[in-house]
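In this chain, numbering begins with 1 at the start of the sequence shown. All values derive from a computational prediction rather than experimental measurement.
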Amino acid sequence: MSDENEKPKRFRSPPYPMFDLGKAVERAKEVYSKANAHAAGVQVLAEAWGMKSVDGKVWRTAASLIQYGLMQDSGTGKNRKFQITDAAKRIILDTSPDSQRRQEAIQNAALGPMIHRELWDRYNVASGLSDTVIRTHLTIDREEGGEAPYSPAAADEVIATYRATIAYAGLEDSTKVSPQQEDKADENEPGVTPAPRVPNVKVGDFVQWESGGVIQFEARKVDWVSEDGSHLRVFGSPAGIPMSEVELVDAPHATQKRDIAKPSAKGGKLNVTAYVDGGRLQLTADVGPDEIADLKDMLAKYEEILKLLS
């Protein structure tokens, strides 16, 4: 069979924020002015940002704020809600020009996106460093190191966003930035802020996530840990979670949550993660137009599985 009929595979770059931190803060202010610190649906986000409909741009904007740690989400589907974080409130409401806590919140937010933390650990401010060096790392070195590479166009966007964000945050090569929720100095050592406790989490473990004093979920299974151990992801969510904000917990009871084996797709192309939580199917799928039919067939099989488990 000729290869001429085979369609080229779509290149998908790893996640990265669609704009710099300065714009993210403005977007967070717009949400806060509309919903204050309350949880709100995606339609409220669209209204706050002056977008006429809930489309891909709304979701990408929300994802960018989540990456910066300025917004958090909970729930799924129609019940999914979004809420401004404590860090965002500190940045928005703390108007003191000499506020150290506000500056620390901004610097932590700047390195919230996993790719920003990666570039910071490797290049710091990268002042005087050619974009070509960073672009080579993003498009070639990552792939050789076993990480997903960025397309050339996406790499250029990452570089521009990173440089603008570092400048906005006022970061310098000598700046020490580590993810933390609040400054909690040791009473026995005045003026010293202890480093946050980082659990030893590996793929397959269950974790509880608490951010800004609010529990985001009680037990989710880890499906990815960054090479430097600073972030992780859980089944059902593409968002990177700071390792310092999670705690190892026991696996939930089988009647509460059950992982489901993936029904095989006809073409063997589908990438699907699914589990049952409280009698409801939690599913994340990465599909393109050519795989929609396979996804529909797979959903029909999931319906049969849910009936058997109920």
Side-chain angles (χ1 to χ4, degrees), residues 15-40 44-45 48-49 60-74 81-120 161-162 164-171 175-185 193-198 207-217 226 230-234 237-247:
Y16 63 95
M18 67 183 294
F19 40 68
D20 62 75
L21 179 58
K23 187 171 182 179
V25 170
E26 292 303 314
R27 289 292 189 235
K29 288 180 180 178
E30 291 165 351
V31 174
Y32 187 80
S33 66
K34 196 79 174 178
N36 206 299
H38 302 292
V44 175
L45 302 187
W49 296 329
R60 283 203 66 194
T61 300
S64 295
L65 266 65
I66 291 173
Q67 289 182 65
Y68 283 118
L70 301 178
M71 192 162 66
Q72 58 197 21
D73 65 329
S74 60
K81 300 293 183 182
F82 300 86
Q83 188 173 15
I84 293 299
T85 63
D86 287 348
K89 287 190 289 183
R90 168 66 63 181
I91 296 170
I92 295 169
L93 301 178
D94 189 344
T95 58
S96 173
D98 300 321
S99 174
Q100 182 179 354
R101 295 181 69 182
R102 181 179 188 273
Q103 184 62 20
E104 289 176 351
I106 290 174
Q107 292 179 345
N108 283 327
L111 301 185
M114 287 185 289
I115 188 58
H116 284 193
R117 171 60 70 170
E118 178 181 320
L119 294 178
W120 175 260
T161 299
Y162 177 74
T165 294
I166 295 301
Y168 177 86
L171 288 165
T175 307
K176 301 297 182 183
V177 182
S178 59
Q180 57 187 12
Q181 295 175 31
E182 292 287 343
D183 279 340
K184 296 183 179 178
T193 301
R197 255 186 335 118
V198 179
V207 295
Q208 172 180 292
W209 179 26
E210 180 177 343
S211 179
V214 179
I215 295 179
Q216 307 302 313
F217 55 72
S226 65
S230 63
H231 288 75
L232 58 83
R233 286 197 295 262
V234 297
S237 173
I241 301 171
M243 189 73 74
S244 59
E245 296 184 358
V246 302
E247 179 182 348

Checklist entry - Once you round to the nearest 0.5 Å, how far does CH2 of W120 lie from CD of Q107? => result 8.0 Å

Checklist entry - Between atom CD of Q103 and atom CD1 of I91, what is the distance when rounded to the nearest 0.5 Å? => result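 Going from the CD atom of Q103 to the CD1 atom of I91 covers 9.5 Å.
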
Checklist entry - Do the ring planes of Y68 and F19 sit parallel (below 30°), tilted (30 to 60°) or perpendicular (above 60°)? => result parallel

Next on the checklist: For T61 and W49: C-alpha separation, side-chain torsions, deciding distance, then whether side chain to side chain contact (heavy atoms under 4.5 Å, CB included) applies.
Outcome noted: CA-CA 9 Å; T61 300; W49 296 329; 3.5 Å; yes

Checklist entry - Would Y168 and V25 satisfy side chain to side chain contact (heavy atoms under 4.5 Å, CB included), going step by step from the backbone distance to the final call? => result CA-CA 11 Å; Y168 177 86; V25 170; 3.8 Å; yes

Next on the checklist: Regarding D86 and K89, does a basic nitrogen lie under 4.0 Å from an acidic carboxylate oxygen?
Outcome noted: yes

Checklist entry - Are any of the side-chain nitrogens in K29 or E26 under 4.0 Å away from the carboxylate oxygens of its partner? => result yes

Any donor-acceptor pair under 3.5 Å linking the side chain of [X] with the backbone of [Y]?
X: Q67; Y: G112; answer: no
X: D20; Y: G22; answer: yes
X: T85; Y: Q72; answer: no
X: R90; Y: A105; answer: no

Closest approach of [X] and [Y], non-hydrogen atoms and distance?
X: A169; Y: I106; answer: CA-CG2, 3.7 Å
X: L70; Y: A109; answer: CD2-CB, 4.3 Å
X: G69; Y: A87; answer: O-CB, 4.1 Å
X: A110; Y: L171; answer: CB-CD1, 4.1 Å
X: H116; Y: L111; answer: O-CD2, 4.0 Å
X: I115; Y: P15; answer: CG2-O, 4.4 Å

Item to check | Derivation and outcome, side chain to side chain contact (heavy atoms under 4.5 Å, CB included), residues I241 and V246 | outcome: CA-CA 8 Å; I241 301 171; V246 302; 3.7 Å; yes

Checklist entry - Below 4.5 Å, heavy atoms only, C-beta onward: do I84 and N36 meet side chain to side chain? => result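 Sidechains of N36 and I84: no contact.
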
Item to check | Non-hydrogen side-chain atoms of L45 and M71 separated by less than 4.5 Å | outcome: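 In short, these two side chains touch, coming nearer than 4.5 Å.
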
Item to check | With sequence neighbours excluded, residues passing salt bridge (charged side-chain N to carboxylate O under 4.0 Å, His left out) with R27 | outcome: E30

Item to check | Stepwise side chain to side chain contact (heavy atoms under 4.5 Å, CB included) test for L93 and Y32 | outcome: CA-CA 10 Å; L93 301 178; Y32 187 80; 3.4 Å; yes

